[in-house]
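Residue numbers run from 1 in the order of the sequence given.
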Amino acid sequence: QVHFVESGGDLVQPGESLRLSCVASGFSLGGAAIGWFRQAPGKEREGISCINSHGKFPYYAPAVKGRFTISRDNAEGTVYLQMNSLKPEDTAVYYCATVGIGSSGLCVMTPQSNSWGQGTQVTVSS
């Protein structure tokens, strides 16, 4: 069974940065498209970014485009989410998961499993 472990969340002030990490056990993360999702209190989980197995053609949701950068180190089996210029509305629990691949090779923000890790809490507040 695949277990994702997210880390790097913290309490920060608006405008600050964080880098989240995603690793997986029982699974070769390097061969899969990986996405980051987040769930704010009282809201549904939303997909915010994904990257294909080769680390190309990343996708960003409009709310984070230009501020967040997804990357991966397949040798280390880790996917990162660099988050800059954080805003209070970025406050959420962040999760990673495998996602789909479209016919063009682009990742698609469709989780491939119903199994989610614990997530990592990001709180942006002054």
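- Distance check, rounded to the nearest 0.5 Å: SG of C22 to CG of L29 gives 5.5 Å.
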Only pairs under 3.5 Å count here: list side-chain donor-acceptor contacts from residues 2-10, not counting sequence neighbours, and write none if there are none.
{"residue": "E6", "atom": "OE1", "partner": "G119", "partner atom": "N", "Å": "2.9"}
{"residue": "E6", "atom": "OE2", "partner": "C96", "partner atom": "N", "Å": "3.0"}

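- V108 and G102 get closest at one heavy-atom pair: CG2-N, 3.6 Å.
- Between atom CD of residue E16 and atom CE of residue M83 there is a gap of 11.5 Å, rounded to the nearest 0.5 Å.
- Taking hydrophobic clusters as Ile, Leu, Val, Met, Phe, Trp and Tyr residues chained together by side-chain heavy-atom distances below 4.5 Å, L81 does not share a cluster with V23.
- Grouping Ile, Leu, Val, Met, Phe, Trp and Tyr residues whose side-chain heavy atoms lie under 4.5 Å apart, directly or via other members, places L106 in a hydrophobic cluster with F57.
- You'll find the side chain of L20 stays beyond 4.5 Å of the side chain of F68, heavy atoms only.
- Applying the side-chain contact (heavy atoms from CB on, under 4.5 Å) rule to S17 yields the partners Q82, N84; only residues at least two apart in sequence or on another chain are considered.
- Evaluation of the salt bridge (Lys or Arg N to Asp or Glu O under 4.0 Å) test over residues 102-124, restricted to residues two or more places apart or in two chains, returns none.
- Looking only at side-chain heavy atoms (C-beta outward), V64 and W36 stay at 4.5 Å or farther from each other.
- Side-chain atoms of P88 and P14, non-hydrogen and from C-beta on, do get closer than 4.5 Å to each other.
- To the nearest 0.5 Å, the span separating SG on C107 from CD1 on I51 amounts to 7.5 Å.
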| said: Show, in sequence, the C-alpha distance, side-chain angles and deciding distance for E89 and T91, and conclude whether the side-chain hydrogen bond (donor to acceptor under 3.5 Å, both in side chains) test is met. | reply: CA-CA 5 Å; E89 50 264 44; T91 295; over 6 Å; no
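- Taking 4.5 Å as the limit, some side-chain heavy atom of I70 sits within range of a side-chain heavy atom of Y60.
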Test side chain to side chain contact (heavy atoms under 4.5 Å, CB included) on S125 and L11 and set out the steps.
CA-CA 7 Å; S125 175; L11 169 63; 4.3 Å; yes
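- For T110 and Q112, the side-chain atoms include no donor-acceptor pair closer than 3.5 Å.
- Pairs of residues two or more places apart, or lying in two chains, that qualify as salt bridge (Lys or Arg N to Asp or Glu O under 4.0 Å) and include a residue from residues 66-77 are R67-D90.
- Within the cation-pi definition used here (under 6.0 Å to the ring centroid, within 45° of the axis), R19 qualifies as a partner of Y80.
- Other cluster members for V99: F37, Y59, V93, Y95, M109, W116, joined by side-chain heavy-atom distances under 4.5 Å among Ile, Leu, Val, Met, Phe, Trp and Tyr.
- For L18 against V122, the heavy-atom pair with the smallest separation is CD1-CG1, 3.9 Å.
- Atom OG of S49 sits about 11.0 Å away from atom CZ of R38, to the nearest 0.5 Å.
- Heavy atoms from other residues, nucleotides or ligands lying under 6.0 Å from CD of Q118 number 12 at most.
- Judged by distance alone, the side chain of N74 and the main-chain N or O of G77 form no donor-acceptor pair under 3.5 Å.
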